[in-house]
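Here's the structure we're looking at; comments come further down.
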Amino acid sequence: MLELKFVRQNLDKVKDSLEKRFTEADLATFSKCDEERRSILLKIEDLRHRRNVVSDEIKELKKAGEDAEKLIGEMREVSSDIKGMDGSLSKLEETINDIIIGIPNIPHPSVPSGKTEDDNDLLKEVGDVPTFSFEPKAHWDIGEDLKIFNFEKASQITGARFPLYLGLGARLERALISFMLDIHTEEHGYTEVLPPYIVNRKSMTGTGQLPKFEEDLFKIEGWDYFLIPTAEVPVTNIHAGDILTEDELPINYTAFTPCFRSEAGSYGRDTRGLIRQHQFHKVELVKFTKAEESYDELEKLLSNAETILKRLGIAYRVVTLCGGDLGFSAAKTYDIEVWMPAQNVYREISSCSNFEDFQARRAGLRFKRKGQKGTELVHTLNGSGLAVGRTVAAILENFQQEDGTVLIPEALQPYMGGLKRIE
RNA sequence: GGAGGAGUGGCCGAGUGGCUUAAGGCGGCGGUCUUGAAAACCGUAGUGGGUCACACCACCGUGGGUUCAAAUCCUACCUCCUCCGCCA
């Protein structure tokens, strides 16, 4: 959420931002209600001040044993006036809040303009795209042939877009999770956390999934709880409402969790394989930093996520998302896209974002600077490190052999009990 | 699920209608002393809104209510703790 005062004083910037994102917000209503709110607030505060003063007088009169009925009668009216104005005030505030909570973050100046993913800026390409002497198969065919997953059974158990890993498939998924967590905790200095997989409405609002994107979430019937679409939500909310000290920052967390997404509006897209599922696993990286450090930390975050693909030896590229492709809460996002030989395309496998103080303001994430009065909002960042299912898909496609077997990347072999090949 | 108890500033903790615009302590910050530090002492300091700066307003888990006046009374809800029951 943007600061009320910022929106009031920077309407042009907000308009530019909305244009860059190809989205809209009712700024006219905002301005109108904001003005009204301030004039009413002024009157209310005035009346409250009067009430405070006169209440003191009443106290004194009563103590002196004198009659205070006249003043009490007067105050009775003042109080009822206040109550009436309070009602219209909260209505205005609700309207203002509804608008402001629906305004997306302001993109960082370095964010390229553009409307769709085709307009994203290519930042770099890393690793060699493999060449095959045969027609490479799609990962769902490889996996079904090796009997390491079975999508038909999964949809029999639940429905479309759910995974069922078997044998070495399940083992591969588990190996990758440990592999990723070990690198991030032992080499990159992240603290491992295991958060709840179900969160309340407040947490979802804190990180920006709500109120705008409720249709993308699975809601628990009979509860105001939701399945998490990413570990970002519970992990960022660990410090909701906290006032941290300067020397606690930066805080780096990594968490493995399942993720649940309704994928509303994506019917017919990526219907086969592990790319787009209602349930998938992800190792997430989350950072809390001081404002002046957040963009350096974003570069570190990106490089931490890249390390996983480098160790596995899979080719990828990094793009900077354009304004139109940028997520609601993000000020800047890098996507890591992994090479998928069967489809001959790069597919998103990680998204690394700086939210600046946008989530911090919603969730109340603050810190105190040494020797200074008052508190400051922290900056929050997160990125996938990496999406596990998509990594499995990438391994299967990139390391497939002509005989249908799949070589296991050397770095991963210790996590597979020394196994070198799935056959 | 049943029965009790509790939620107050960064932390601990006092406070049952107006001498509390939240006591006291710890921690923080500034200073005195010291070669330096510690200790001791003095001072300063909650969070947010508002103002050039003051003034002023709000905030004691959350929302309603009573009252001229609410941290304090009523009410609903949330969270935590203890005991009992059930359970991976």
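Each chain gets a letter, A, B and so on, in the order its sequence line appears, and its residues count up from 1.
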Write down the partner of A40(B) under the Watson-Crick or G-U wobble criteria, each distance required to be under 3.5 Å. U32(B)
Nearest-Å distance, CD (E246(A)) to P (G10(B))? 17 Å
Please state the P separation for the pair C57(B) and C77(B) - nearest whole angstrom. 34 Å
Just call it for T245(A): base, sugar-phosphate, or nothing, with non-hydrogen atoms closer than 4.0 Å on any strand. nothing
Does F213(A), at its CZ atom, have more than 12 non-hydrogen atoms belonging to other residues, nucleotides or ligands within less than 6.0 Å? yes
Without decimals, in angstroms, what is the distance between K5(A) NZ and G49(B) C1'? 8 Å
Could you identify the nucleotide paired to A22(B), looking across every strand shown and requiring Watson-Crick or G-U wobble geometry with both distances under 3.5 Å? none
Take the protein atom CD of E93(A) and the nucleotide atom P of G49(B), then report the distance between them rounded to whole Å. 13 Å
By side chain to side chain contact (heavy atoms under 4.5 Å, CB included), E348(A) pairs with (sequence neighbours left out) D335(A), S351(A), R390(A)
Expressed in whole Å, how much space separates the C1' atoms belonging to G48(B) and G9(B)? 13 Å
Here's a test of your reading of the structure: between R366(A) and D56(A), which maps to the more 5' nucleotide of RNA chain B? D56(A)
Considering only the C1' atoms, how many Å lie between C52(B) and U66(B), rounded to the nearest integer? 42 Å
Could you tell me whether K62(A) contacts a base, only the sugar-phosphate backbone, or nothing, with contacts defined as non-hydrogen atoms closer than 4.0 Å? base
Integer angstrom distance from the P of G61(B) to that of A40(B): 33 Å
Which residue pairs pass the salt bridge (charged side-chain N to carboxylate O under 4.0 Å, His left out) test when at least one of the two sits in residues 16-43 of chain A, sequence neighbours left out? R8(A)-D34(A), R37(A)-E93(A)
Which letters describe nucleotides 55-62 of chain B, given B = protein heavy atom under 4.0 Å from base, S = only from sugar-phosphate, - = neither? -SBS----
Pair partner, C52(B) [Watson-Crick or wobble, under 3.5 Å]: none
Write down the distance separating the C1' atoms in A55(B) and U34(B), rounded off to the nearest Å. 44 Å
Below 4.0 angstrom from OP1 or OP2 of U67(B), is there any side-chain N or O of S79(A)? no
Would you indicate whether E410(A), at its atom CD, is surrounded by more than 12 heavy atoms from other residues, nucleotides or ligands within a distance under 6.0 Å? no
Taking U47(B) as the reference, what is the distance to U35(B) when you measure between their P atoms (whole Å, please)? 37 Å
Would you measure the distance from the C1' atom in U62(B) across to the matching atom in U79(B) and give it in whole Å? 10 Å
